[in-house]
Visitor: 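Have a look at the structure that comes next, please.
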There are 2 protein chains.
Amino acid sequence: MSSNNPNTRERILRSCWELLESGEGGAVRMSDIARKAGISRQAVYLHFPKRAELLIATTHYIDEVKDVDGRLARSRQAGRGLERLDAFIEAWGGYVPEIHGVAKALMAMMANDADAADAWRGRMEALRQGCQAAVDAVHNDSKLTPDLSPQQATDLLWAILSVGNWELLTRECGWRQEDYIRHMKTAARKILIKNNPGRNTARI
Amino acid sequence: MSSNNPNTRERILRSCWELLESGEGGAVRMSDIARKAGISRQAVYLHFPKRAELLIATTHYIDEVKDVDGRLARSRQAGRGLERLDAFIEAWGGYVPEIHGVAKALMAMMANDADAADAWRGRMEALRQGCQAAVDAVHNDSKLTPDLSPQQATDLLWAILSVGNWELLTRECGWRQEDYIRHMKTAARKILIKNNPGRNTARI
DNA sequence: TCCGTAACTTGACACGGTGTCAATTGACGG
DNA sequence: CCGTCAATTGACACCGTGTCAAGTTACGGA
């Protein structure tokens, strides 16, 4: 852990991050990361025995650098259910583009590598809990639509906010990040919030 | 094409299909497909020089066997915009579980293989056109919500109906296929359809 | 000053999967 | 009986991951 040279370890993580984030199409190889970090390929294996480990360590590193926990925690402090839903979507939506490269690499590994699959599942579980908290907040305000159980609402919100959807909308369809956030907010409201007769529920 | 022994070619396609569909976790190798088809690995390459080619040929084969074109075409005959949207979701939603295995394999290849990426993009383009047709039908009925352009509505519907979302909801969340269809219909209506004051737009 | 340790390098190699090549077999039709 | 075409067999190149062993360099402590 901290017995290793922290500089090298961190340089590896940064290199991995930058390579993945700079898209550059093809898959990022261990040797690419090593070259970018200015060390030998084997040195990478000294710090991260498996590629999957390096990838998840990179997501944790990004979390730390970007203070993701802080951002998500702050989103939970919004008082009323609706604002809390908005705040959560905003926090998560702002997070996605930052981990997108790593997420994509991890998802690509899932088919072959069980470890990678577990790691990614774990991260998605965290998102799920955020969704559940938001749904619960809405539910406690008696604003949840009657045609969805809290569980189903959580599932749906979770799917809507998935990294895959973000990628589709911003990358394939060319949406700007702010449009993505805005439309996700209104979509989530339309889907989850009880229809308040005579009042437009989708006002934003 | 038809100069090759059609039996062998078809046996390969069926084997590929069945292996992919039977999940069995790990990636399906060319040798697995060959073994299942009862031929040598090289014979597979005789018919499909690249793995990506085999995969897309398999999707086309499934399309043919399951009469996908027919089903989607029929969904376009529903008269009014709303029914047409429902019919399209039903047709597509019934299609997804059948191509899911192949889709997953193709998506896993996308990161590394440009051909696979193009092939998959092409298939998704077909879905997109279906979405666009459905949105246009709604729009022509003046039922499209004012906060979405037809283009944005198409993008959104397309993302919502993506294979990834189907997988998340049915596989990870354990939704039954019929629940998936039902909730997608109501979600699509809530998101796309103009809010008809005094009337619950989400009636289904 | 020298020893030991820990990080890193160098170069080799095994493994698994894709894709290629060449020589061979076997069946079927003209 | 001959050609042709599908399929077989076995070998091999390539690439990326992961492992191993031996050598280098720097640094800290007795």
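Reminder, nothing fancy here: chain letters follow the sequence lines and each chain counts from 1. When reading the values below, keep in mind they use all heavy atoms of this one structure, side chains included, and skip hydrogens, waters and symmetry mates.
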Visitor: Would you say A/H47 places a side-chain N or O within less than 4.0 Å of OP1 or OP2 belonging to C/dA7?
Guide: no

Visitor: For the residue pair A/E98 / A/W17, report whether a side-chain donor-acceptor contact shorter than 3.5 Å exists.
Guide: no

Visitor: Compare the minimum distances between each of D/dC12, D/dA7, C/dT9 and the side chain of B/R41, then state the nucleotide with the smallest one.
Guide: D/dC12

Visitor: Could you state the atom-to-atom distance from CZ of A/F48 to P of C/dA7 in whole Å?
Guide: 13 Å

Visitor: Rounding to an integer number of Å, can you tell me how far B/R35 CZ sits from D/dT9 P?
Guide: 14 Å

Visitor: Please round to the nearest 0.5 Å and tell me the distance separating atom CZ of A/R121 and atom CG of A/L106.
Guide: 11.5 Å

Visitor: I'd like to know if the side chain of B/E21 reaches the main chain of B/G101, judged simply by a donor and an acceptor atom lying under 3.5 Å from each other, with no hydrogens or angles considered.
Guide: yes

Visitor: When rounded to the nearest 0.5 angstrom, what distance separates CH2 in A/W166 from CH2 in A/W175?
Guide: 13.0 Å

Visitor: Side chain of B/T8 only, please: which of D/dA7, C/dC8, D/dG16 is the nearest?
Guide: D/dA7

Visitor: Could you state the atom-to-atom distance from CG of B/L46 to P of C/dC21 in whole Å?
Guide: 13 Å

Visitor: Does A/Q42 get its side chain close enough to the base of C/dT10, under 3.5 Å, for a donor-acceptor pair?
Guide: no

Visitor: Looking only at side-chain N and O atoms, does B/K50 come under 4.0 Å of OP1 or OP2 in C/dT20?
Guide: yes

Visitor: Rounded to the nearest Å, what distance is computed from the CE atom of residue B/M30 to the C1' atom of nucleotide D/dA7?
Guide: 15 Å

Visitor: Which one, C/dT20, D/dT17, D/dT8, comes nearest to the side chain of B/Y45?
Guide: C/dT20

Visitor: Expressed in angstrom and rounded to an integer, what is the separation of B/N112 atom CG from C/dG19 atom P?
Guide: 11 Å

Visitor: For A/R51 and for B/G38, locate the closest nucleotide of DNA chain D by heavy-atom distance; then report the residue assigned to the nucleotide nearer the 5' terminus.
Guide: B/G38

Visitor: Distance check needed: C/dG17 P versus B/I33 CD1, whole Å only.
Guide: 12 Å

Visitor: What is the distance, rounded to the nearest whole Å, between atom CG of A/D32 and atom C1' of D/dT17?
Guide: 13 Å

Visitor: Expressed in angstrom and rounded to an integer, what is the separation of A/I39 atom CD1 from D/dT25 atom C1'?
Guide: 16 Å

Visitor: Is it true that B/D67 and B/R74 have a side-chain N and a carboxylate O under 4.0 angstrom from each other?
Guide: yes

